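Comments concern the structure below.
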Amino acid sequence: MPQPPASAPARRSFPRRTRRIPTLAGRGTLTALAGTAVLALAVTGCTSDGGAGRAEDDLAASEALRPGFHYSPSEGNMADPNGLLWSGEEFHLFHQQDGTWAHAVAPDLVHWEEQPTALEHDELGQALSGSAVMDPDNTSGLFPDTGRGMVAVYTNTEGGEAQSIAYSSDEGRSWERYDGNPVVANDGRTDFRDPKVFWHEQTAAWVMVVSAGSAVEILTSDDLIDWELRSEFGRDEGLHAAVWECPELFPLAVDGDPDDTRWVLAVSVGDNEETGGSTAQYFVGDFDGETFHNGSAPDEVRITDMGQDFYAAQSFSGDPEDRRVWLAWVGNWRHPYGTPTEGWANHMSVPRELSLESDGDDVVLVQRPVAELDGLRGEAVTVEDIAIDGSVPLDVAGRSLEFEAEIELGDADAAGLSVFEGDAGGREQRFRIGADAAAGEFVLDRSHAGMDAVRGADGEADPDPAPETRRSAAWEPVEDGVLRVRGYIDQSSVEVFVDDGRLSGTMLAYPDAGNDGISLYSEGGTARLVSLTVYPMDAIR
């Protein structure tokens with residue numbers, strides 16, 4: 001990750017339950033009124049006269065944008081996920097926060113509890129992105145008393161970006177820096193960061209894949225301390241609109257067949273004009289413990305998430321169910337800390353279980369929300385069999401929910417759902433999720449969803465973000481003329497999964513408080529809602 005810039009500054013309603021931090025969050029309720037299902041979720045707050053009242057109003061407005069079931073920090077500027085792992089006792093989520101490693105733990109990938117900062121700045125500068133592993137056999141020799149422990153591998157900044165390690169023998173609650181840092185020194189290059197480390201069983205060695213400007217380098221080690229460069233990948237492969245960052249490398253079985261295993265190498269691509277900000281891509285190929293071989297043509301580009309705000313995805317090591325699960329920073333280096341919130345910024349995506357599935361002669365990366373999220377669901381409301389000709393408001397509303405929709409496009413040129421809808425702030429707002437049948441595209445459109453409240457990377461107001469940051473589209477022909485989409489709406493973001501996870505899209509939005517409506521829309525013809533099921537979602541803390 002780059003070094004962080006200076007931080008920049010009509011329906012029934014009911015209060016959400018109070019969180020440990022000063023946030024109003026919780027579950028909406030579903031009630032039936034005269035046969036009509038209504039999901040109402042709104043924020044209420046106390047105000048008083050004078051400056052204190054205005055301060056409370058500002059806090060309430062800021063906290064109204066805080067997600068209820070996506071992880072966000074109580075304070076500070078969140079960015080890249082770092083060391084993600086199951087330690088044998090709990091899941092650990094480390095993440096970037098103003099050049100330090102913040103820390104949270106959970107029993108289940110969902111209910112995160114903040115911990116004290118794990119890695120502060122030291123004499124080698126900031127602790128930028130990296131990864132963490134359990135060293136169960138003490139290959140590092142750093143755990144003479146316990147025989148096992150946790151090792152964090154991260155990028156330090158003083159004297160140029162280099163790779164250092166820290167270690168913990170108490171489940172990540174306290175850390176020691178290695179005396180011989182950095183373990184991989186800088187050789188004069190500018191961009192050399194974000195080491196991802198894992199144990200490669202076949203060669204009985206630790207592997208590091210690290211960003212090196214417009215490529216990644218692969219190193220190996222017996223002890224997490226002494227590293228040897230083995231290969232390089234990517235200078236003439238994939239998308240090169242900006243620097244490569246936050247690499248990932250892991251195996252997945254194709255269609256669940258353990259005899260057909262491929263390796264996925266994912267990298268994030270920094271802020272650039274070609275993609276209207278930062279983005280991410282992945283490659284599918286083979287890895288022998290030292291070298292990655294791309295299985296596709298060098299100029300083929302596979303985008304990880306078609307939205308604007310899914311960056312630096314990292315996977316958990318040691319998942320107790322032997323799944324490959326990752327999550328990402330819901331953000332973009334075009335506007336990294338420009339959220340219209342006070343004291344905190346940004347959140348993580350929902351955890352996603354990954355698989356490789358056949359697609360004709362090819363294989364594609366499929367992402368599905370982890371099953372643990374289902375435990376946050378409230379009572380469902382289902383709406384069925386509605387003709388869609390123009391805009392069709394629904395008696396369903398909310399800003400913290402999951403939905404599943406199936407829409408027959410019929411003869412419409414475009415059709416879908418509109419969320420975050422209303423005019424509570426004195427202006428019409430909406431966020432559209434749908435299909436452009438004429439173009440054969442799936443579309444996320446936040447053009448009227450409050451993005452004019454976002455500040456740019458320099459902290460200055462950006463009242464008119466570039467059009468490409470407002471609408472994202474991806475080629476996804478609709479099978480049998482039916483759009484099938486599952487999604488999560490959570491106060492200030494939309495995260496969707498099309499065709500059972502073969503396409504995902506993640507976008508931020510900052511609609512005015514009270515804009516929580518949901519409607520159906522069509523253009524150029526009539527579509528039909530087959531079914532829409534909506535679940536209110538519990539807050540996670």
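Quantities reported herein were computed from a predicted structural model and do not represent experimental measurements.
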Legend entry - Student check: side-chain heavy atoms of L401 and V419 closer than 4.5 Å: no

Inset, instruction - Give a yes or no answer on whether the side chain of D436 reaches the backbone of E441 with a donor-acceptor pair at less than 3.5 Å. - result: no

Legend entry - From CA spacing to verdict: side-chain contact (heavy atoms from CB on, under 4.5 Å), L327, L84: CA-CA 9 Å; L327 51 73; L84 307 182; 4.0 Å; yes

Legend entry - Ion pair E273/R334, N-O distance below 4.0 Å: yes

Inset, instruction - Using only heavy-atom distances, determine whether the side chains of S493 and H347 contain a donor-acceptor pair under 3.5 Å. - result: yes

Inset, instruction - Please answer whether the main-chain N or O of S504 pairs with a side-chain N or O of Q367 as donor and acceptor at a distance below 3.5 Å. - result: no

Legend entry - Min side-chain heavy-atom separation V284-L365 under 4.5 Å: no

Inset, instruction - Look at the side chain of S519 and the backbone N and O of S391, then say whether any donor-acceptor pair between them is shorter than 3.5 Å. - result: no

Legend entry - T382 and E404: CA distance, side-chain angles, deciding distance, side-chain contact (heavy atoms from CB on, under 4.5 Å) verdict: CA-CA 9 Å; T382 298; E404 295 180 88; over 6 Å; no

Inset, instruction - Please work out which of the three classes, parallel, tilted or perpendicular, describes the rings of W112 and F316, given edges at 30° and 60°. - result: parallel

Inset, instruction - Evaluate the side-chain proximity of V330 to N346: yes if any heavy-atom separation is below 4.5 Å, no if none is. - result: no

Legend entry - Nearest-0.5 Å distance that lies between atom OG1 in T341 and atom CG in L65: 7.0 Å

Inset, instruction - Evaluate the side-chain proximity of R323 to V370: yes if any heavy-atom separation is below 4.5 Å, no if none is. - result: yes

Inset, instruction - May I ask you to test the E402-F69 pair for a side-chain heavy-atom distance under 4.5 Å? - result: no

Inset, instruction - Would you check if L508 and H335 make a side-chain contact, meaning some heavy-atom pair closer than 4.5 Å? - result: yes

Inset, instruction - Please confirm whether the backbone N or O of V366 pairs with a side-chain atom of E357, one donor and one acceptor, at under 3.5 Å? - result: no

Inset, instruction - Consider only side-chain N and O atoms of N82 and Q96, and report whether a donor and an acceptor are under 3.5 Å apart. - result: yes

Inset, instruction - Any chance you could lay out the side-chain contact (heavy atoms from CB on, under 4.5 Å) test for L252 and R262, step after step, and finish with the verdict? - result: CA-CA 6 Å; L252 287 173; R262 315 282 175 90; over 6 Å; no

Legend entry - Ion pair check, R486 and D374, cut-off under 4.0 Å: yes

Legend entry - The single option from Q491, M348, E495 passing side chain to side chain contact (heavy atoms under 4.5 Å, CB included) against H70: E495

Legend entry - Side-chain heavy atoms of R302 within contact of D362, under 4.5 Å: yes

Legend entry - Exercise: do S74 and E114 side chains pair donor with acceptor under 3.5 Å: yes

Legend entry - salt bridge (charged side-chain N to carboxylate O under 4.0 Å, His left out) evaluation trace for D319 with R324: CA-CA 7 Å; D319 182 85; R324 180 63 59 174; over 6 Å; no

Legend entry - Heavy-atom pair with the smallest gap, counting every atom of D271 and A242: O-CB, 3.6 Å

Inset, instruction - Drop me the distance from L483's CG to I433's CD1, to the nearest 0.5 angstrom. - result: 9.5 Å

Inset, instruction - Using the six-membered ring wherever Trp is involved, compare the ring planes of H103 and F94 and label them parallel, tilted or perpendicular (cut-offs 30° and 60°). - result: parallel

Inset, instruction - Please round to the nearest 0.5 Å and tell me the distance separating atom CE of M78 and atom CG of D98. - result: 11.5 Å

Inset, instruction - Find the distance between CZ (F310) and CG (N332) and round it off to the nearest 0.5 Å. - result: 13.0 Å

Legend entry - Heavy-atom donor-acceptor pair, D499 side chain to R502 backbone, under 3.5 Å: no

Legend entry - Closest approach of I407 to A415 (non-hydrogen atoms, all atoms of both residues): CG2-CB, 4.4 Å

Inset, instruction - Determine the minimum heavy-atom distance between S131 and W101, stating which atoms define it. - result: O-CH2, 3.4 Å

Inset, instruction - Please determine, by modelled atom types, if D490 and S400 share a side-chain donor-acceptor pair under 3.5 angstrom. - result: yes

Legend entry - A328 backbone acceptor or donor facing S349 side chain under 3.5 Å: yes

Legend entry - Side-chain donor or acceptor of D108 paired with backbone N/O of V110 under 3.5 Å: yes

Inset, instruction - Would you kindly say whether E245 and Y311 are connected by a side-chain donor-acceptor distance under 3.5 Å? - result: yes

Legend entry - Over all atoms of both residues, closest heavy-atom pair of W344 and P67: CH2-CD, 4.0 Å

Inset, instruction - Assess the side chains of S418 and R430: does a donor N or O sit below 3.5 Å from an acceptor N or O? - result: no

Inset, instruction - Enter the distance from Q429:CD to H448:NE2 here, rounded to the nearest 0.5 Å. - result: 10.0 Å

Inset, instruction - Indicate yes or no for a side-chain donor-acceptor contact from D255 to the backbone of D257 under 3.5 Å, with no hydrogens or angles considered. - result: no

Legend entry - Short side-chain donor-acceptor distance under 3.5 Å, T506 and D309: no

Inset, instruction - Using a strict cut-off of less than 4.0 Å between a Lys/Arg side-chain nitrogen and an Asp/Glu carboxylate oxygen, indicate whether R484 and D500 qualify as a salt bridge. - result: no

Legend entry - Side-chain heavy atoms of P511 within contact of F431, under 4.5 Å: no

Inset, instruction - Can you spot which of T533, V396, I489 makes a side chain to side chain contact (heavy atoms under 4.5 Å, CB included) with F403? - result: I489

Legend entry - Polar side-chain atom of S268 near backbone of C246 as donor-acceptor pair, under 3.5 Å: no

Inset, instruction - Work out which heavy atom in S492 is nearest to a heavy atom in F420; give both atom names and the distance. - result: N-CZ, 4.2 Å

Inset, instruction - Could you give me the CA-CA distance, side-chain angles and deciding distance for L239 and N272, then say whether side-chain contact (heavy atoms from CB on, under 4.5 Å) is met? - result: CA-CA 11 Å; L239 176 66; N272 66 90; 5.6 Å; no

Legend entry - From CG (L394) to CG (L417), nearest 0.5 Å: 8.0 Å

Inset, instruction - Please report the shortest heavy-atom distance between R399 and G514, naming the atom on each side. - result: NH1-N, 4.1 Å

Legend entry - S358 side-chain N/O to G360 backbone N/O, donor-acceptor pair under 3.5 Å: no

Legend entry - Under 3.5 Å side-chain donor-acceptor pair for E248 and S315: yes

